[in-house]
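What you see is a predicted model; the values in this text were computed from it and never measured.
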Amino acid sequence: MSFPQPKPEVPQLPQNLLRTIDCQQGAVRAVRFNADGNYLLSCGSDKSLKLWSVSRGTLLKTYSGHGYEVLDADGSYDNSQLCSCSSDKTVILWDVATGQVTRKLRGHAGKVNCVQFNEEATVILSGSIDGTVRCWDTRSRKFDPIQILDEAQDGVSSLKVSEHELLTGSVDGRVRRYDLRMGQLHVDFINSPITCVCFSADGQCTLTSSLDSTVRLLDKSTGEMLGEFTGHKMKGYKLDCCLSSKDTHVLSCSEDGHVYCWDLVEGSLMLKLPVGKAVVQSLSFHPSETRLLTAMEGRVQVWGAEPEETEEDVVVVKQEKA
């Protein structure tokens, strides 16, 4: 006797506020999970980069060395190194354990908007308002980039690396995908300045957000538009978008104090998460769990699918100034 298969569970969304971290570093410009999702990085307008425990909300380390506000950061796959970029035109490679600057990379002509390691953390890629992407060898003692990609006609606002592919978004309204192995460049034109780009987890699609308050899902190989997601407000700020860890939902920051979450396939709005009364500056989805980080003003919020079983539902962690 055969029983019908149980219906697959509807994926839950991170709608329960687990904790709020008062970062004490001015406005938080970007918030990022590390590779395994146990830690988070917060980039501050006070020139600092901070490393926190996600589960406890405690400050583990403060990294000071930039001359102006920190705009983006990334952690290496083995959690031994961090890279960050700043309005001071530099990219810094950090030793996680000691908090010391390993390398300070200069060469960009303007503020550096985005930075990421490749998978092996042997190369740092950085995108700048000067319209270039620079590739830096983390192991070499040379201070010149190993490659400069200067196809953008305006500032590079966002970049993502996946294996041998590099995806960039620019204020010139173009998404560029570089196949670094084949030496090929593919360009998709979106008639609006781009604020954020990312790959889907399965590597088949790209997601872009732009200043016409639209998030677009494109087929990576053909450039065909697979979906448009609207309802949020993005007119004047460089805000993040992302996909959930299993590619089921599209998420975007908004200037109206919410995070918008759409069903990837249907395109319908599934959740309008009220974060606060200001602009949601940045977000980051956990690499494997249903967890979300949001940044608003000087705070980072951690969201989960289920409330945590603590005495208080929300633990506000006040951190003494380091």
Side-chain angles (χ1 to χ4, degrees), residues 5-16 30-38 40 54 74-75 77 114 116-119 158-169 175-179 186 188 190 194-210 213-232 234 239-254 258-273 280 282-294 302-306:
Q5 289 290 318
K7 284 187 178 173
E9 282 186 37
V10 177
Q12 289 182 295
L13 295 170
Q15 50 196 344
N16 291 288
V31 62
R32 302 283 180 252
F33 273 114
N34 75 320
D36 57 21
N38 292 328
L40 70 88
V54 174
D74 190 29
Y77 69 96
C114 46
Q116 200 185 356
F117 283 111
N118 69 339
E119 248 163 294
S158 177
L159 63 78
K160 293 292 185 300
V161 192
S162 175
E163 296 178 358
H164 59 280
E165 289 187 311
L166 168 66
L167 191 67
T168 69
V175 181
R176 293 174 173 85
R177 182 170 58 87
Y178 298 85
D179 187 320
H186 307 269
D188 291 308
I190 288 165
I194 292 163
T195 65
C196 186
V197 294
C198 53
F199 288 105
S200 59
D202 66 7
Q204 301 299 306
C205 306
T206 62
L207 193 70
T208 64
S209 63
S210 49
S213 299
T214 306
V215 178
R216 293 173 175 86
L217 184 73
L218 304 177
D219 183 289
K220 189 181 81 175
S221 51
T222 65
E224 179 192 350
M225 177 106 66
L226 301 175
E228 281 193 350
F229 307 91
T230 56
H232 61 299
M234 197 184 298
L239 305 181
D240 291 340
C241 67
C242 71
L243 287 154
S244 61
S245 51
K246 296 186 173 63
D247 284 349
T248 54
H249 292 86
V250 172
L251 297 95
S252 174
C253 294
S254 178
H258 292 78
V259 167
Y260 285 69
C261 179
W262 299 269
D263 183 280
L264 176 101
V265 178
E266 294 176 5
S268 52
L269 185 64
M270 304 298 287
L271 175 65
K272 189 176 167 185
L273 186 68
V280 185
S282 179
L283 56 75
S284 180
F285 208 94
H286 193 283
S288 56
E289 296 171 18
T290 307
R291 295 244 165 153
L292 179 70
L293 301 174
T294 56
V302 184
W303 305 83
E306 303 283 342

S.K.: Please verify the inter-ring angle class for W262 with F229; under 30° counts as parallel, over 60° as perpendicular, anything in between as tilted.
M.R.: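 Taking F229 first and then W262, their aromatic rings sit tilted (interplane angle of 30° to 60°).
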S.K.: Under 4.5 Å between any side-chain heavy atoms of C261 and L269, yes or no?
M.R.: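 Of all side-chain heavy-atom pairs linking L269 with C261, none is under 4.5 Å.
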S.K.: Got a second to check how far F285's CZ is from C242's SG, nearest 0.5 Å?
M.R.: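 Reported to 0.5 Å precision, the distance equals 7.0 Å.
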S.K.: Does any N or O in the side chain of N118 come within less than 3.5 Å of the main-chain N or O of E163, such that one atom is a donor and the other an acceptor?
M.R.: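 Judged by distance alone, no pair lies under 3.5 Å.
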S.K.: What distance do K160 atom NZ and C198 atom SG have between them, rounded to the nearest 0.5 Å?
M.R.: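 So the gap between those two atoms works out to 6.0 Å.
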S.K.: Could you check whether any side-chain N or O of D179 sits under 3.5 Å from a backbone N or O of E165, counting only pairs where one atom can act as donor and the other as acceptor?
M.R.: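 Side chain of D179 to backbone of E165: no pair is present.
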S.K.: To the nearest 0.5 angstrom, please state how far the CD1 atom of I194 sits from the OG atom of S210.
M.R.: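 Here the rounded value is 6.5 Å.
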S.K.: What I'd like to find out is whether the side chain of T208 reaches to under 4.5 Å of the side chain of V215, using heavy atoms alone.
M.R.: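 No; the side chains remain at least 4.5 Å from each other.
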S.K.: Taking the side chain as everything from C-beta on, heavy atoms only, tell me whether V161 gets closer than 4.5 Å to F117.
M.R.: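 SC-SC contact between V161 and F117 ruled out.
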S.K.: Considering only heavy atoms from C-beta outward, does the side chain of C196 approach that of S209 to under 4.5 Å?
M.R.: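 In contact.
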S.K.: Go through the steps for R291 and F33 under the test side chain to side chain contact (heavy atoms under 4.5 Å, CB included), then give the verdict.
M.R.: CA-CA 10 Å; R291 295 244 165 153; F33 273 114; 4.1 Å; yes
S.K.: Does any part of the side chain of T230, heavy atoms only, come nearer than 4.5 Å to the side chain of S213, both counted from C-beta?
M.R.: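 Counting from C-beta outward, S213 and T230 never come under 4.5 Å.
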S.K.: Please check: side-chain N/O of T195 versus main-chain N/O of L239, any donor-acceptor pairing under 3.5 Å?
M.R.: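 Yes.
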S.K.: Keeping the roles fixed (side chain from H286, backbone from S288), state whether a donor-acceptor pair exists under 3.5 Å.
M.R.: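 Between the backbone of S288 and the side chain of H286 there is a qualifying donor-acceptor contact (under 3.5 Å).
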S.K.: Strictly distance-based, threshold 3.5 Å: is any side-chain N or O of S200 a donor or acceptor partner for the main-chain N or O of C205?
M.R.: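 Indeed, once roles are kept as given, a pair shorter than 3.5 Å links the two residues.
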S.K.: Quick one, V54 with N38, criterion side chain to side chain contact (heavy atoms under 4.5 Å, CB included). Give me CA distance, side-chain angles, the key distance, then yes/no.
M.R.: CA-CA 6 Å; V54 174; N38 292 328; 5.9 Å; no
S.K.: Would D188 and K220 count as a salt bridge (charged side-chain N to carboxylate O under 4.0 Å, His left out) if you check the C-alpha gap in whole Å, the side-chain angles of each, and the deciding distance to 0.1 Å?
M.R.: CA-CA 10 Å; D188 291 308; K220 189 181 81 175; over 6 Å; no
S.K.: Strictly by modelled atom types, are T168 and R177 linked by a side-chain donor-acceptor pair under 3.5 Å?
M.R.: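 There is no such pair between these side chains.
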S.K.: Under the side chain to side chain contact (heavy atoms under 4.5 Å, CB included) test against W303, which residue among L283, V259, L273 passes?
M.R.: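 Among L283, V259, L273, the one that satisfies the side chain to side chain contact (heavy atoms under 4.5 Å, CB included) with W303 is L273.
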S.K.: Does the side chain of L13 reach to within under 4.5 Å of the side chain of T290, using non-hydrogen atoms?
M.R.: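 No; the side chains remain at least 4.5 Å from each other.
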S.K.: Would a distance-only check, ignoring hydrogens and angles, find a side-chain to backbone donor-acceptor pair under 3.5 Å from S284 to L293?
M.R.: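 Not a single qualifying donor-acceptor pair exists.
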S.K.: Report yes if the side chains of M225 and L217 come closer than 4.5 Å at any heavy-atom pair, otherwise no.
M.R.: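 Result no, sub-4.5 Å side-chain heavy-atom pair not found.
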S.K.: Is there a donor-acceptor pair closer than 3.5 Å between any side-chain N or O of D219 and the backbone N or O of E224?
M.R.: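 Judged by distance alone, no pair lies under 3.5 Å.
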S.K.: Taking the side chain as everything from C-beta on, heavy atoms only, tell me whether R32 gets closer than 4.5 Å to D240.
M.R.: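 Yes, their side chains come closer than 4.5 Å.
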S.K.: Report the distance from atom OG of S221 to atom NE2 of H186, rounding to the nearest 0.5 Å.
M.R.: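 That separation rounds to 9.0 Å.
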S.K.: We want to know whether D263 and S268 form a side-chain donor-acceptor pair, criterion being a heavy-atom distance below 3.5 angstrom.
M.R.: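 Absent: no donor and acceptor within the cut-off.
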S.K.: Judged by atom type as modelled, is there a donor-acceptor pair below 3.5 Å linking the side chain of E228 to the main-chain atoms of R216?
M.R.: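 No, because the side chain of E228 does not come within donor-acceptor range (under 3.5 Å) of the backbone of R216.
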